[in-house]
Every structure is written in structure tokens, then in C-alpha cells.
K.L.:
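First the structure, then my questions, so here it is.
Letters go in sequence order (proteins before strands), and every chain restarts at 1.
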Amino acid sequence: MPELPEVETIRRDLEPLVLGATIVGVEIYWPGSIARPSAPEFEDLITGRTILHLGRRGKYLIFALSGGWNLIVHLAMTGRLLLNQVERDKHTRAVFHLEDGHNLLFVNMRKFGRLYLVKDAQEVVGRLGPEPLEAEFTPQRLAHLLANRRGALKPLLLNQRFLAGLGNIYADEALFVAGLHPQRRADTLSPEEVGRLCGAIRLVLKEGLKDGGTTLEAYRRPNEEKGRHQERLQVFQRTGGPCPRCGATIERIVLAGRGTYFCPRCQR
DNA sequence: CCCGGAACCTGAAGGC
DNA sequence: TGCCTTCAGGTTCCGG
């Protein structure tokens with residue numbers, strides 16, 4: 001799914017196009033997409049509201065609406081937000097009609113994505129860890145987060161309460177750039193290694209963002225364009241290929257149920 | 001609290 | 001062709 005760079009790309013694409021637009025109606029084709037309130041209440045409450053701001057926290061998009069409401073969208077693995085002249089297909093779960101005639105489609109093949117309509121956004125995003133691209137995310141902060149964590153690094157990087165925005169792709173890429181083994185016990189990093197990890201996380205997210213995200217399959221920008229970062233991935237889904245740094249063969253293991261790619265020579 | 005595994009879904013790809 | 005298994009970018013819940 002969209003991880004931080006993909007969600008932020010969507011936010012940047014969408015923001016200038018939907019700011020100030022009023023939602024004049026919504027059609028819900030899969031009510032299970034609505035996390036809260038109930039689908040009928042959702043329809044009722046959102047109709048007539050104007051989009052005042054589009055923000056992001058971790059992998060969540062936050063549409064601030066008039067009247068103090070927030071529409072919060074999580075795309076999960078296969079979610080898309082598409083704008084304009086896009087035909088509804090069998091995976092379209094909801095359509096928002098905007099006053100200017102544009103349609104915003106929520107498309108989600110596997111039905112894991114969710115829409116929330118809440119007054120207080122913190123109800124949904126309040127328990128997330130720090131934003132890795134904000135200035136608050138420093139080696140000191142990361143060292144503090146890692147202290148007393150006895151589990152492996154990789155699953156911890158995927159824990160959104162630990163750090164917001166990393167998913168399977170960028171977690172593996174960050175560990176590769178940092179030269180750290182995904183199974184390395186989190187509380188054993190030296191200060192120098194913590195510094196490398198901090199820099200690596202920020203670097204891979206910025207590079208992904210620069211490329212408009214990574215499209216392996218489902219991810220699309222609001223105009224259906226693909227991302228370009230898949231061409232620059234160093235280890236993710238490159239099993240059997242050469243490590244770009246040392247030439248050793250990239251390996252795949254399963255950690256906490258997730259496919260995990262790394263260079264056995266560079267990552268210790 | 002911390003951690004790993006199962007569950008939630010649909011579809012594509014590969015083996016037989 | 002058809003059936004079966006495996007895998008997929010996420011999150012939450014449950015049990016140890």
C-alpha cells in the first residue's frame with residue numbers, strides 16, 4: 001500500500017484541486033469502508049461541507065471540513081483516491097461529488113481501507129509515533145524510542161505507534177541504507193548506528209517522495225499516474241539479485257509475517 | 001507492556 | 001482448462 005511517500009504524493013496532488021470545494025453528495029458502494037460513524041450518518045453529516053485543508057499524519061490523509069469535522073482516509077494496501085473523469089469500476093467503494101462537478105473516487109480492491117468522519121482527528125491518529133520527516137525526529141529521539149525494545153528492528157519499524165509512515169518497502173530500504181540487519185535486536189544499536197538509521201529513514205522517504213512514490217501494483221496518484229521509485233529500490237523484492245553496494249546475493253526471509261529483503265553481507 | 005500470529009479481503013501467478 | 005497454494009505495499013485483535 002501507500003506508505004508515507006505515496007500518501008504525501010497524493011496529498012500534494014490533491015490539495016490544490018479540492019481546496020475550497022464543497023461536497024454535495026456521496027455514494028457508498030461498500031458500507032464496510034466507513035469506519036465511523038454509520039454509513040447513513042456519514043452521508044448525512046458530510047453532505048454540504050467544504051474542504052478547508054488537506055493534511056497528513058503517517059499514512060492517514062486528513063480532510064479538514066467546515067463545521068469542525070474531519071474526513072480521515074486510510075488507503076491500506078490497495079486504496080486509491082482518484083479525481084475527475086474516472087469511471088467507476090467494481091472496486092470503487094465510495095464516490096464524493098464536488099460542487100464544481102468533479103468526482104473523488106475511493107477505490108479499494110482488497111477492502112482494508114477505511115474512511116472516518118470525526119470531530120477530533122486525534123481519535124484516529126492520536127496514538128501514532130513521530131513523523132520521520134519532521135525536525136522532531138532526531139537521533140536522540142530515535143535512541144530514546146529504541147531503548148528497552150527487545151524485539152527485532154524490522155517489525156518495530158512497521159509499528160505505527162513507534163514511528164508513523166514506514167511500511168514494508170521503505171523499512172527494508174532504510175535498513176539496507178543504514179547497513180543494519182532486519183533481525184538486529186532494537187536495543188543493541190550503538191549511537192553511531194542509531195544516527196545512521198535515523199538518516200537512512202529520512203533519506204529513503206525523501207527519495208520516494210521525489211519519485212512520486214513506488215508503484216508495485218495498486219498504487220496510483222489521483223490522476224492514475226504511477227510512481228517511479230520502484231526503479232530505484234535497492235533490495236525490496238530483489239531476491240537473488242546482486243546487492244547494489246557489494247554484489248552479494250539479496251536474500252528474502254519472513255519476519256513477523258512480512259517478506260523481508262536484505263543483503264546478508266552489508267547488513268549486520 | 002511487548003511480541004508474534006491470525007484474521008480481514010480480492011486477485012494474480014505458479015505448480016500439477 | 002481447472003484446481004490448489006502462495007503471495008501481496010496494512011492494521012487490529014488475541015493469546016502467550
K.L.:
Under a 4.0 Å N-O cut-off, is there an ion pair linking A/Asp211 with A/Arg232?
P.N.:
yes
K.L.:
Tell me the interatomic distance from A/Asn168, atom CG, to C/dA8, atom C1', rounded to whole angstroms.
P.N.:
10 Å
K.L.:
On DNA chain B, which is the earliest and which the latest nucleotide, 5' to 3', with an atom closer than 4.0 Å to a heavy atom of chain A?
P.N.:
B/dC3 to B/dG11
K.L.:
How are the rings of A/His229 and A/Tyr170 set to each other: parallel, tilted or perpendicular (split at 30° and 60°)?
P.N.:
parallel
K.L.:
More 5' along DNA chain B: A/Gly151 or A/Arg114, using each one's nearest nucleotide?
P.N.:
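Upstream on the strand: A/Gly151.
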K.L.:
In whole angstrom, what separates A/Lys59's NZ from C/dG9's P?
P.N.:
10 Å
K.L.:
Indicate every side-chain donor-acceptor pair of residues 119-130 of chain A with a distance under 3.5 Å to a residue at least two apart or in another chain.
P.N.:
| residue | atom | partner | partner atom | Å |
| --- | --- | --- | --- | --- |
| A/Lys119 | NZ | A/Gly67 | O | 2.9 |
| A/Asp120 | OD1 | A/Gln122 | N | 3.0 |
| A/Glu123 | OE1 | A/Arg36 | NH1 | 2.9 |

K.L.:
Considering residues at least two apart in sequence or located in another chain, which fulfil the side chain to side chain contact (heavy atoms under 4.5 Å, CB included) criterion with A/Pro242?
P.N.:
none
K.L.:
Describe the nucleic acid contact of A/Ala152 in one word from base, sugar-phosphate, nothing, applying a heavy-atom distance below 4.0 Å.
P.N.:
nothing
K.L.:
So what's the dot-bracket for DNA chain C: Watson-Crick or G-U pairs under 3.5 Å, [ ] if a pair crosses, | if it pairs off-strand?
P.N.:
.|||||||.|||||||
K.L.:
Begin from the C-alpha positions of A/Arg252 and A/Thr260 and carry the test side chain to side chain contact (heavy atoms under 4.5 Å, CB included) through to its verdict.
P.N.:
CA-CA 5 Å; A/Arg252 176 185 189 271; A/Thr260 298; over 6 Å; no
K.L.:
By the 4.0 Å heavy-atom rule, please label A/Tyr170 as base, sugar-phosphate, or nothing.
P.N.:
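Touches nothing.
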K.L.:
Got a sec, which pairs hit side chain to side chain donor-acceptor pair (under 3.5 Å) with one end in residues 234-251 of chain A, sequence neighbours left out?
P.N.:
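Counting only pairs at least two positions apart or across chains, no side chain to side chain donor-acceptor pair (under 3.5 Å) contact touches residues 234-251 of chain A.
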K.L.:
If only side-chain N and O atoms of A/Tyr219 are considered, is one of them under 4.0 Å from the OP1 or OP2 phosphate oxygen of C/dA8?
P.N.:
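Checking C/dA8 against A/Tyr219, no side-chain N or O comes under 4.0 Å of OP1 or OP2.
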K.L.:
For a quick test of your reading: what N or O donor-acceptor pairs under 3.5 Å do the side chains of residues 197-205 of chain A make, sequence neighbours left out?
P.N.:
| residue | atom | partner | partner atom | Å |
| --- | --- | --- | --- | --- |
| A/Arg202 | NH1 | A/Pro132 | O | 3.2 |
| A/Arg202 | NH1 | A/Glu134 | O | 3.0 |
| A/Arg202 | NH1 | A/Phe137 | O | 3.3 |

K.L.:
Is there a donor-acceptor pair under 3.5 Å between the side chain of A/Ser33 and the backbone N or O of A/Arg93?
P.N.:
no
K.L.:
Taking the C1' atom in each of C/dT12 and B/dG11, what is the distance between them to the nearest angstrom?
P.N.:
23 Å
K.L.:
Suppose you measure atom C1' in B/dC3 against the same atom in C/dG9; what distance do you get, rounded to whole Å?
P.N.:
22 Å
